[in-house]
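Here's the structure, in structure tokens; my notes come after.
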Amino acid sequence: MILVMGGAGYIGSHTVKHLLDNGYEVVVADNLIYGHREAVDKRAQFVLADLADIESLEQLFQNHKIDAVVHFAAFAYVGESVEAPEKYYYNNVVGTLNLLKIMLAHGVKKIVFSSTCATYGEPHYTPIDEKHNQTPINPYGRSKLMIEQIFADYEKSYGLQYIALRYFNAAGCSADGSIGESHMPETHLIPLVLQAISGQHQNIKVFGSDYDTPDGTCIRDYIHVEDLALAHRLALEKLGQFSGCINLGTGVGTSVKEIIIAAEEVSHKKCPVEYVSRRAGDPARLFADNRKAKEILGWYPKYIDIKEIIRTAWNWELNRKY
Ligand code: UDP
């Protein structure tokens, strides 16, 4: 039985579906602060639990025979982490310490964790490999880096088996349209572009057009959420043979302007655009060296074409269920 902490969130819910489709038994735990109950596949058991409530975690482990944990439960708004770092360090770091305490007390030593390319900070070179130094520039990134470091210490002292997956920009939605991306508030580029196209917002505000990139807008590595889900399953299957950190990105960089053009082509509609000043803390370009994921996990992203990724997000935008 796999416990998916935070399995009602965007990447968590897609991973739950993927694990179930591949024959795993899954129990989902989520506090539903940002997660959606409707996003949890009906084939999974669901438990309302919070990382801050160690008793609820204890109950969870007593009631289910858990073999491994996939841990998504975290706050993930960079801007909010700057305004309210306490919230991020307690929920993300202390919450994970609580989870590890209960796991180890029950003899569960396997964990796959959602880390982030935000642990790298401002890149010194691209594509970014796992050896790139880690100097995060906000409390969100620091909270994730601290957890990676805790895992490394727990591996040495308690035999923890862990894989921390450093995602680049998660994007897209389930190909069958059953689940998708629904953040409240939404801050991510692709859903905001699609919502501008469908008239839910006046326009998309492009943060900066004077970057040192070919078209002046920021370049990111957009990775389809189903490819992320696949990587979590492969990581689960690798636990015990490898512990450490692995990038998850396509290795392809796409600019903000290219995203807008691709979204217009997919939707056959014009996107109203407003160019505004840069957003603090946005590096000009971030994209992954994904060779380690290929070598260690045997993971190859299925979605490379940004239009195919956006097509799944547009399908969700037109038929969203939550
Ligand atoms: N972006 C933008 N307008 C928005 C939201 C994002 O121009 O309303 C840009 C942002 O500057 C970045 C890229 O889109 O270069 C992706 O941002 P997002 O917030 O989706 O992800 P992040 O890279 O911050 O994790």
Side-chain angles (χ1 to χ4, degrees), residues 9-11 34 72 74-83 88 92 114-123 126-128 134 136-145 165-173 180-198 200-225 228 247-264 271-288 306 309-310 312-314 316-317:
Y10 170 42
I11 305 169
Y34 289 118
F72 295 96
F75 292 145
Y77 288 106
V78 170
E80 185 187 53
S81 81
V82 176
E83 280 149 34
Y88 278 70
N92 296 3
S114 22
S115 190
T116 167
C117 69
T119 60
Y120 294 116
E122 185 75 42
T126 48
I128 301 171
Q134 289 178 289
I137 54 171
N138 51 62
Y140 166 66
R142 275 190 282 276
S143 74
K144 292 284 184 172
L145 176 57
L165 298 171
R166 294 180 185 152
Y167 318 149
F168 283 66
N169 288 56
C173 300
E181 181 169 17
S182 182
H183 294 112
M184 193 52 103
E186 187 53 79
T187 61
H188 294 110
L189 180 67
I190 291 176
L192 288 176
V193 166
L194 298 177
Q195 287 163 16
I197 285 177
S198 60
Q200 296 169 64
H201 304 297
Q202 209 182 359
N203 55 35
I204 179 74
K205 293 182 174 50
V206 173
F207 299 145
S209 50
D210 57 349
Y211 282 96
D212 181 20
T213 59
D215 67 19
T217 63
C218 284
I219 291 173
R220 295 288 179 273
D221 183 335
Y222 296 89
I223 164 91
H224 195 273
V225 67
L228 290 179
N247 283 343
L248 291 180
T250 60
V252 178
T254 307
S255 75
V256 175
K257 272 190 189 165
E258 286 169 337
I259 291 287
I260 293 169
I261 291 166
E264 289 180 334
C271 181
V273 176
E274 183 187 348
Y275 291 95
V276 299
S277 50
R278 293 181 180 195
R279 183 171 70 177
D282 267 342
R285 47 168 73 73
L286 289 173
F287 54 97
I306 193 66
I309 295 177
I310 292 176
T312 64
W314 180 237
W316 172 253
E317 205 51 61

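Because the structure is predicted, anything quoted here is derived from the model rather than measured. Both ligands and their constituent atoms are indexed starting at 1 by order of listing.
Residue, atom and distance of the protein heavy atom nearest to atom 2 (C) of ligand 1 are F207 CD1, 3.4 Å. Scanning the protein for heavy atoms near atom 24 (O) of ligand 1, the closest one is R279 NH2, 2.8 Å. In terms of protein heavy-atom proximity, atom 9 (C) of ligand 1 is nearest to V256 CG2, 3.9 Å.
Every atom of ligand 1 is numbered from 1 in the order shown, and the set under 4.0 Å from a heavy atom of N169 is 16 (C), 21 (O), 22 (P), 23 (O), 25 (O). Shown in contact with D282 at under 4.0 Å from a heavy atom are these atoms of ligand 1, numbered in order with element: 10 (C), 11 (O). Atoms of ligand 1 found under 4.0 Å from any heavy atom of K205 (numbered from 1 in listed order, with element): 2 (C), 3 (N), 4 (C), 7 (O), 8 (O). The I204 neighbourhood of ligand 1 comprises atoms 8 (O), with distances under 4.0 Å to a heavy atom of that residue. Interface of C218 with ligand 1, defined as ligand atoms under 4.0 Å from a residue heavy atom, comprises 15 (O). Interface of L192 with ligand 1, defined as ligand atoms under 4.0 Å from a residue heavy atom, comprises 8 (O). With ligand atoms numbered from 1 in the order given, ligand 1 contributes 7 (O) to contacts under 4.0 Å with heavy atoms of V206. The ligand atoms of ligand 1 that sit less than 4.0 angstrom from a heavy atom of T187 are 5 (C), 19 (O).
In Y222, the part holding a heavy atom less than 4.0 Å from any atom of ligand 1 is the side chain. At a heavy-atom distance under 4.0 Å, atoms from both the backbone and the side chain of L189 approach ligand 1. Counting heavy atoms closer than 4.0 Å to ligand 1, residue I259 contributes nothing at all. With a heavy-atom cut-off of 4.0 Å, H188 touches ligand 1 through backbone and side chain alike.
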Intermediate values then yes/no, side chain to side chain contact (heavy atoms under 4.5 Å, CB included), I223 and L228: CA-CA 7 Å; I223 164 91; L228 290 179; 3.7 Å; yes
Criterion side chain to side chain contact (heavy atoms under 4.5 Å, CB included) on V252 and D221, from CA distance to verdict: CA-CA 6 Å; V252 178; D221 183 335; 5.5 Å; no
Pair Y120-R166, side chain to side chain contact (heavy atoms under 4.5 Å, CB included): steps then yes or no: CA-CA 10 Å; Y120 294 116; R166 294 180 185 152; 2.8 Å; yes
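Sparse packing is recorded around CD of Q202, with 12 or fewer heavy atoms of other residues, nucleotides or ligands lying under 6.0 Å away.
Test I197, T217, V206 against I260 for side chain to side chain contact (heavy atoms under 4.5 Å, CB included) and you get one pass: V206.
In this structure, R278 satisfies the cation-pi test against Y211, with its NZ or CZ atom closer than 6.0 Å to the six-membered ring centre and inside 45 degrees of the ring normal.
Once rounded to the nearest 0.5 Å, the distance linking CD1 of I261 with OG of S255 reads 7.0 Å. Rounding to the nearest 0.5 angstrom, the gap separating the CG atom in L189 from the CG atom in N169 is 8.5 Å.
Residue contacts with ligand 1: Y140 is excluded, as none of its non-hydrogen atoms falls under 4.0 Å.
The aromatic rings of Y140 and Y88 stand perpendicular to each other, their planes meeting at an angle above 60°, with 30° marking the opposite boundary.
Taking the six-membered ring wherever Trp is involved, the centroid distance between the rings of Y77 and Y34 falls below 6.0 Å.
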